Enquirer: 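Quick one: the structure is below, questions incoming.
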Amino acid sequence: MHIKFKLIGEKYSPTIYGGYFIIYNNDIEVSIVCIPSLTISNDSNVFNSIIKESCIYDECGNEYDIDIVLSINKIIWRLVIETTDNILRDKIKVEYQPTYF
């Protein structure tokens, strides 16, 4: 039987240079999702928000759907996992690593 669960998080004051979102299953890296840098609009004072969507499968057939919204104020992420493993929720860890220049 397939089950779905959702993990949601946010971090305030992210770097404007993007970064990486890393998904771990039982402390083993499943995937790294690149978060691009913010870009300045024609106004030159306004940064555009970035929405990043990715779908990843691991070797066990678990599906990881990730949505990331990066703005000048914060980064918000939503990870939806579909699996047949009832205890997978307890094994998942996520990490945001900003890029600094």
Side-chain angles (χ1 to χ4, degrees):
M1 180 171 110
H2 285 270
I3 57 171
K4 280 188 178 183
F5 61 91
K6 186 185 318 182
L7 302 171
I8 299 173
E10 63 186 15
K11 179 162 179 68
Y12 289 91
S13 302
T15 174
I16 62 170
Y17 300 112
Y20 300 93
F21 188 80
I22 305 170
I23 303 169
Y24 297 96
N25 179 346
N26 210 19
D27 293 325
I28 297 171
E29 186 179 290
V30 173
S31 184
I32 298 175
V33 179
C34 180
I35 303 167
S37 301
L38 286 172
T39 56
I40 300 176
S41 71
N42 292 337
D43 184 341
S44 78
N45 290 323
V46 179
F47 287 90
N48 295 324
S49 293
I50 294 174
I51 299 173
K52 173 85 175 194
E53 299 174 347
S54 292
C55 182
I56 302 147
Y57 293 88
D58 66 16
E59 70 277 351
C60 298
N62 300 312
E63 180 180 339
Y64 302 81
D65 286 317
I66 180 117
D67 299 321
I68 300 169
V69 178
L70 177 64
S71 70
I72 192 68
N73 298 327
K74 65 182 173 179
I75 182 170
I76 302 170
W77 53 268
R78 180 181 64 96
L79 178 62
V80 177
I81 300 172
E82 186 171 344
T83 184
T84 57
D85 184 350
N86 291 331
I87 59 171
L88 183 63
R89 177 188 293 251
D90 298 330
K91 299 176 186 176
I92 297 296
K93 181 176 84 169
V94 295
E95 178 182 347
Y96 167 64
Q97 290 187 352
T99 302
Y100 297 104
F101 288 116

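In this text, all values refer to a predicted model and were calculated from it rather than measured experimentally.
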Enquirer: Counting neighbours of NZ on K11 that are heavy atoms of other residues, nucleotides or ligands and sit closer than 6.0 Å, is the number greater than 12?
Expert: no

Enquirer: For G19 versus T99, what's the shortest heavy-atom pair and its separation?
Expert: CA-OG1, 3.2 Å

Enquirer: OH of Y57: more than 12 outside heavy atoms within 6.0 angstrom?
Expert: no

Enquirer: Looking at L70 and G18, what are the two nearest heavy atoms and their distance?
Expert: CD2-CA, 4.3 Å

Enquirer: Strictly under 6.0 Å, is that where the ring centroids of W77 and Y96 end up?
Expert: no

Enquirer: Once rounded to the nearest 0.5 Å, what's the spacing between atom CZ of R78 and atom CG of D67?
Expert: 4.0 Å

Enquirer: Does atom OH of Y24 have more than 12 heavy-atom neighbours, drawn from other residues, nucleotides or ligands, at distances under 6.0 Å?
Expert: yes

Enquirer: Go through the steps for L79 and D65 under the test side chain to side chain contact (heavy atoms under 4.5 Å, CB included), then give the verdict.
Expert: CA-CA 6 Å; L79 178 62; D65 286 317; over 6 Å; no

Enquirer: Apply the test side chain to side chain contact (heavy atoms under 4.5 Å, CB included) to residues I66 and V94: give CA-CA distance (whole Å), side-chain angles for both, the deciding distance (0.1 Å), then the verdict.
Expert: CA-CA 11 Å; I66 180 117; V94 295; 5.9 Å; no

Enquirer: Search all heavy atoms of I3 against all heavy atoms of D85 and return the closest pair with its distance.
Expert: CD1-O, 3.8 Å

Enquirer: Contact between I75 and V69 at the side-chain level, heavy atoms closer than 4.5 Å - yes or no?
Expert: no

Enquirer: Mind running side chain to side chain contact (heavy atoms under 4.5 Å, CB included) on I23 and D58 for me, showing each step along the way?
Expert: CA-CA 11 Å; I23 303 169; D58 66 16; over 6 Å; no

